[in-house]
Amino acid sequence: QVQLVESGGGLVQPGGSLRLSCAASGNSFNLYVMSWYRLAPGKQRELVAKITTGGTTNYADPVKGRFTISRDNAKKTVYLQMNNLKLEDTAVYYCNGFRGNTFWGQGTQVTVSS
């Protein structure tokens, strides 16, 4: 089992950047597929980015070219670098770990506003 704690959210102007972090506890972090999801008001939760155990990444179309997911297995941490943020990126961002079972963090709020 793994526990996930997100950090790095906040208020940023359009065009700005943020880096989210998700720190994991427990064993075998390197064996988990890690993802970032987001939930915006009035919308369904959506997958933002995913990174496999081998480092292969996938992105949702709205964030391609702007967001980068990465992982540091030694630090048991997954990151989401978000650049050129837009108003529509405002959401609660959740870290997700999957290895047979699915684990979620508590979420971190990202607000893009001028």
Side-chain angles (χ1 to χ4, degrees):
Q1 188 169 351
V2 65
Q3 293 183 324
L4 304 172
V5 179
E6 302 98 332
S7 61
L11 174 64
V12 63
Q13 293 185 338
S17 297
L18 283 175
R19 188 175 83 154
L20 305 183
S21 299
C22 172
S25 63
N27 297 321
S28 304
F29 172 79
N30 59 305
L31 299 180
Y32 284 79
V33 176
M34 300 300 299
S35 302
W36 287 96
Y37 285 77
R38 67 186 180 186
L39 180 61
K43 296 185 178 180
Q44 291 187 332
R45 183 176 61 193
E46 65 173 343
L47 175 64
V48 175
K50 180 174 70 176
I51 185 166
T52 69
T53 57
T56 300
T57 57
N58 296 97
Y59 298 92
D61 285 342
V63 308
K64 282 182 180 177
R66 300 189 297 120
F67 290 11
T68 303
I69 188 171
S70 61
R71 66 190 299 162
D72 185 332
N73 290 333
K75 295 182 178 180
K76 298 183 181 180
T77 301
V78 62
Y79 304 97
L80 186 68
Q81 177 67 45
M82 306 185 294
N83 298 327
N84 190 21
L85 283 159
K86 302 178 179 181
L87 297 175
E88 54 264 37
D89 294 319
T90 295
V92 179
Y93 285 71
Y94 295 90
C95 180
N96 171 284
F98 177 77
R99 184 194 176 198
N101 293 317
T102 298
F103 301 93
W104 293 94
Q106 83 287 351
T108 185
Q109 176 71 47
V110 171
T111 302
V112 184
S113 175
S114 56

Is it possible for you to say whether Val48 and Val12 belong to one hydrophobic cluster, with membership spreading through side-chain heavy-atom contacts below 4.5 Å? yes
Flag, side chain of Arg66 to backbone of Asn84, donor-acceptor distance under 3.5 Å: yes
Full working for side chain to side chain contact (heavy atoms under 4.5 Å, CB included) between Met82 and Leu20: CA-CA 8 Å; Met82 306 185 294; Leu20 305 183; 3.7 Å; yes
Separation between OG of Ser25 and CD of Gln3, rounded to the nearest 0.5 Å: 4.0 Å
Heavy-atom closest contact (Ser114 atom, Pro14 atom, distance): N-CD, 3.8 Å
Val2: partners by side chain to side chain contact (heavy atoms under 4.5 Å, CB included), with sequence neighbours left out: Leu4, Ala24, Tyr32, Phe103
On a heavy-atom basis, the closest approach of Tyr94 and Gln106 is CE2-O, 3.5 Å
Out of curiosity, does Leu47 fall in the hydrophobic cluster containing Leu39 (side-chain heavy atoms, cut-off under 4.5 Å, transitive links)? yes
Look up atom OG1 in Thr52 and atom CG in Asn58, then write down how far apart they are to the nearest 0.5 Å. 8.0 Å
What distance separates Leu11 CG from Gln109 CD, expressed to the nearest 0.5 Å? 9.5 Å
Is it true that, when you exclude Lys76 itself, more than 12 heavy atoms of the residues, nucleotides or ligands shown sit nearer than 6.0 Å to its NZ? yes
Which heavy atom of Gly97 sits nearest to which heavy atom of Met34, and what is that distance? CA-SD, 3.6 Å
In this structure, OG1 of Thr56 is separated from CD1 of Ile51 (nearest 0.5 Å) by 8.0 Å
For Ser28 and Arg99, which heavy atoms make the closest approach, and how far apart are they? CB-NH1, 3.6 Å
Taking the side chain as C-beta and beyond, is there a heavy-atom pair between Arg19 and Tyr79 under 4.5 Å? yes
So which pairs with a foot in residues 20-38 pass salt bridge (Lys or Arg N to Asp or Glu O under 4.0 Å), sequence neighbours left out? Arg38-Glu46, Arg38-Asp89
Non-hydrogen atoms of Tyr59 and Lys64 that approach each other most closely: O-CE, 3.2 Å
Would a distance-only check, ignoring hydrogens and angles, find a side-chain to backbone donor-acceptor pair under 3.5 Å from Ser113 to Thr111? no
Might you point out which heavy atoms bring Ser35 and Ile69 nearest each other, and give the distance in Å? CA-CD1, 4.4 Å
When rounded to the nearest 0.5 angstrom, what distance separates CZ in Phe67 from OG in Ser17? 9.5 Å
To the nearest 0.5 Å, what is the distance between CG (Leu87) and CD (Gln13)? 11.0 Å
Trace of the side chain to side chain contact (heavy atoms under 4.5 Å, CB included) decision for Cys95 with Trp36: CA-CA 5 Å; Cys95 180; Trp36 287 96; 4.1 Å; yes
Identify whether Leu18 and Tyr37 are in the same connected component of the hydrophobic contact network (ILVMFWY, side-chain heavy atoms under 4.5 Å). no
